[in-house]
Amino acid sequence: MNPYFDNCTAWGDFHLLSFSISADFQILFFNGILLMYSLTLLGNLVIICLISLASQLHIPMYYFLCNLSVQDIVYVSAILPKFLAITITRDSRIAFPGCITQMFFFTFCVGTEFLLLTSMAYDRYVAICVPLHYTIIMSKEMCILLALASWLVGFLTALIHSLLVSFASFCSSQDINHFYCDLKTVIRLASSETSHINTLLFVVCVVLGLFPFLLILTSYIFIISTIIKIRSSSGRGKVFSSCSSHLTVVILFYGTPLSSYMIPGSEHSQEQDKMLSLLYTAVVPFLNPLVYSLRNQEVLTAMKNINEKYFMFQREATNTKNH
Ligand SMILES: *[C@@H]1O[C@H](CO)[C@@H](O)[C@H](O)[C@H]1NC(C)=O
């Protein structure tokens, strides 16, 4: 059981098999992922700067968005750079500690994002369904508590899982048929007893994934039914369109990992599993800033204000220089 004292090369290298793509597509694939990665970093950095600079965005919803953007940057940076390196160099090695580190950050970010998205849905629910009590319920303390709890729970979950996996031993196969150290795929390779990790993983998926997912769906049902009752038809269309884009992201982000983690012996092959993972590791962090912020009138106005302020400042600076 102990990795230090058995014959298994527990601290040897793993190989990430990634996707089996022909050399022709390799460059195209690399560029696609690189573009996605850069746009994700850019989009999320813009959101973080904008929310920090614009005082009219200093309300709970945007604080949560800022948290989500920080989390998205960590998330893609834990997975995509290594994936890009493997794609371009075809050197698939990853050291065991590196693998555990990647697993830690992946679990940390997914757990945190699950809870942050839940907090955001709760915030919207309170704002739309019980608007009179909004400032009392979503106080500064409550927001900080929700954000802090999301990060802390994500961190602890990740810590426990990566510790458990680092104590497992790996003898037979060192080939990971994935493009990052996916928790489930790595556990399958262990030669020691892993049923306790699988049980824990299932419980965590239910508590941090399935339960919040159902809560979010319920809150959106309440939100939509409230809107139908009160809003004018023009306002209704706008809220519906933002609700439906939020729901798309939520369904993608909860649905894809949960379906591959929770459905036992699910029908999809490992190849399909990898394609699904690509959705929640590359596509969702890229969509988040677009869906939650850049389609939002308040954010666009803030962006315009900052732009104007900046140019005014520049003009004043040149004027004083000239006089
Ligand atoms: C995260 O959210 C909390 C609570 O709203 C806020 O106080 C904090 O500034 C946010 N942190 C970041 C980095 O966005």
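What you see is a predicted model, and the numbers here were worked out from it, not measured in a lab. For ligands, and for the atoms within them, numbers begin at 1 and follow the listed sequence.
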Ring centre gap for [X] and [Y] strictly below 6.0 Å:
X: Phe170; Y: Phe96; value: yes
X: Phe179; Y: Phe19; value: yes
X: Phe155; Y: Phe104; value: yes

Kindly compute the distance separating SG (Cys49) from CG (Asn44), expressed to the nearest 0.5 Å.
11.0 Å
How long is the span from the OG1 atom in Thr256 to the CE atom in Met275, to the nearest 0.5 Å?
12.5 Å
Please tabulate, one line per pair, the protein nitrogen or oxygen atoms found under 3.5 angstrom from a nitrogen or oxygen of ligand 1, with distances to 0.1 Å, or say none if there are no such pairs.
from: ligand 1; atom 1: 2 (O); to: Asn67; atom 2: ND2; distance (Å): 2.3
from: ligand 1; atom 1: 11 (N); to: Asn67; atom 2: ND2; distance (Å): 3.2
from: ligand 1; atom 1: 14 (O); to: Asn67; atom 2: N; distance (Å): 3.3
from: ligand 1; atom 1: 14 (O); to: Asn67; atom 2: ND2; distance (Å): 3.2

Consider only side-chain N and O atoms of Tyr63 and Ser119, and report whether a donor and an acceptor are under 3.5 Å apart.
no
